[in-house]
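Okay, structure first, notes after.
Any value given below was found using the heavy atoms of this structure, including those in side chains, with hydrogens, waters and symmetry copies removed. This is a predicted model, so every value here is computed, not measured.
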Amino acid sequence: MTITIYHNPNCGTSRNTLAMIRASGEEPVVVEYLEAGWSPDLLRSLANQIGKPLKALIRDKGTPAADLGLLGEDVSDDDILAAMVEHPILVNRPIVVTPKGTALCRPSEAVFAMLDHPPAQFVKEDGEVVECVRPTVARSLRGTFTRR
């Protein structure tokens, strides 16, 4: 399985997500976007894949989003894109792309649904233990058969 994580190594959620992917037995392509930067086309594509507007990808905590006027209702996608390209820190993280889909993995355990073999249990950096709860076969098949 090919997995890509748009990663900020300074972010605990991003580090936990990366560690969860690795604990599943996968070695993802790691894009440290603070160094690599963003292109408008990539940001548009990721937002479309996630199914959210660009504004939903803005990180306001610890960023210049408010100072740049990006949190108002009337800000355009073009303004958001230009700001994200100029200030990569504005993009919330981590964004993970797998064959199962694309997601902003906040909280980090959101990545479990995107992995073929997620760890049954994972201990985050802060000591929090999270468990992967997968639906049983009976639950996943419920409603898929018709009685005759």
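- Of the inter-residue distances, the one linking Tyr6 atom OH with Leu42 atom CG reads 4.5 Å to the nearest 0.5 angstrom.
- Annotation: the span from Leu90 atom CG to Leu81 atom CG amounts to 11.5 Å, rounded to 0.5 Å.
- Tyr33 is not listed as a side-chain neighbour of Ile95, based on a closest heavy-atom distance of 4.5 Å or more.
- Hydrophobic clustering, with ILVMFWY side chains joined whenever heavy atoms are under 4.5 angstrom apart, groups Leu34 together with Ile80.
- The NZ atom of Lys61 lies 11.5 Å from the CD1 atom of Ile89; values are rounded to the nearest 0.5 Å.
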Would Arg106 and Thr17 satisfy side chain to side chain contact (heavy atoms under 4.5 Å, CB included), going step by step from the backbone distance to the final call?
-> CA-CA 9 Å; Arg106 297 190 76 82; Thr17 303; over 6 Å; no
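- In this structure, the separation between SG on Cys105 and CG on Leu18 is 11.5 Å, given to the nearest 0.5 Å.
- The salt bridge (charged side-chain N to carboxylate O under 4.0 Å, His left out) check on Glu131 picks up nothing, with sequence neighbours excluded.
- Cluster annotation: Val30 is connected to Met1 through the hydrophobic network of ILVMFWY side chains, with a link wherever side-chain heavy atoms come within less than 4.5 Å.
- In terms of heavy atoms, Ser24 sits closest to Pro118 at CB-CA, 4.1 Å.
- The two residues Val75 and Leu70 have their closest heavy-atom pair at CG1-O, 3.5 Å.
- Using a 4.5 Å cut-off between side-chain heavy atoms of Ile, Leu, Val, Met, Phe, Trp and Tyr, with links allowed through other members, Met84 and Val97 fall into the same hydrophobic cluster.
- Counting heavy atoms from C-beta on, the side chains of Val91 and Leu46 never come closer than 4.5 Å.
- Distance check: Ile3 CD1 to Arg22 CZ gives 11.0 Å after rounding to the nearest 0.5 Å.
- The hydrophobic cluster containing Val123 does not contain Ile21, counting ILVMFWY residues as joined when their side-chain heavy atoms lie under 4.5 angstrom apart, directly or transitively.
- By the criterion of side-chain heavy atoms lying less than 4.5 angstrom apart, applied directly or through intervening Ile, Leu, Val, Met, Phe, Trp or Tyr residues, Leu71 is grouped together with Leu43 in one hydrophobic cluster.
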May I have the step-by-step check of side chain to side chain contact (heavy atoms under 4.5 Å, CB included) for Ser108 and Glu125, ending in yes or no?
-> CA-CA 11 Å; Ser108 53; Glu125 288 180 357; over 6 Å; no
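- Glu35 is linked by a salt bridge (charged side-chain N to carboxylate O under 4.0 Å, His left out) to nothing, counting only residues two or more places apart in sequence or in another chain.
- A donor-acceptor contact shorter than 3.5 Å links the side chain of Arg15 to the backbone of Pro9.
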Thr63 and His87: side chain to side chain contact (heavy atoms under 4.5 Å, CB included), yes or no, with the steps?
-> CA-CA 9 Å; Thr63 74; His87 306 278; over 6 Å; no
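- Considering CD1 of Ile5 and CD of Glu26, their distance stands at 13.0 Å, rounded to 0.5 Å.
- Ion pairing between Lys52 and Asp77 fails under the 4.0 Å rule for side-chain N and carboxylate O.
- Contact of the Asp116 side chain with the Lys100 side chain is registered, since non-hydrogen atoms from C-beta on lie closer than 4.5 Å.
- Between Gly37 and Pro88, the shortest heavy-atom distance links the atoms CA-CG, 4.3 Å.
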Quick one: do Val130 and Met20 satisfy side chain to side chain contact (heavy atoms under 4.5 Å, CB included)? Show the steps, please.
-> CA-CA 10 Å; Val130 292; Met20 289 173 182; 3.9 Å; yes
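- Nearest heavy-atom pair across Arg59 and Ala65 is O-CB, 3.9 Å.
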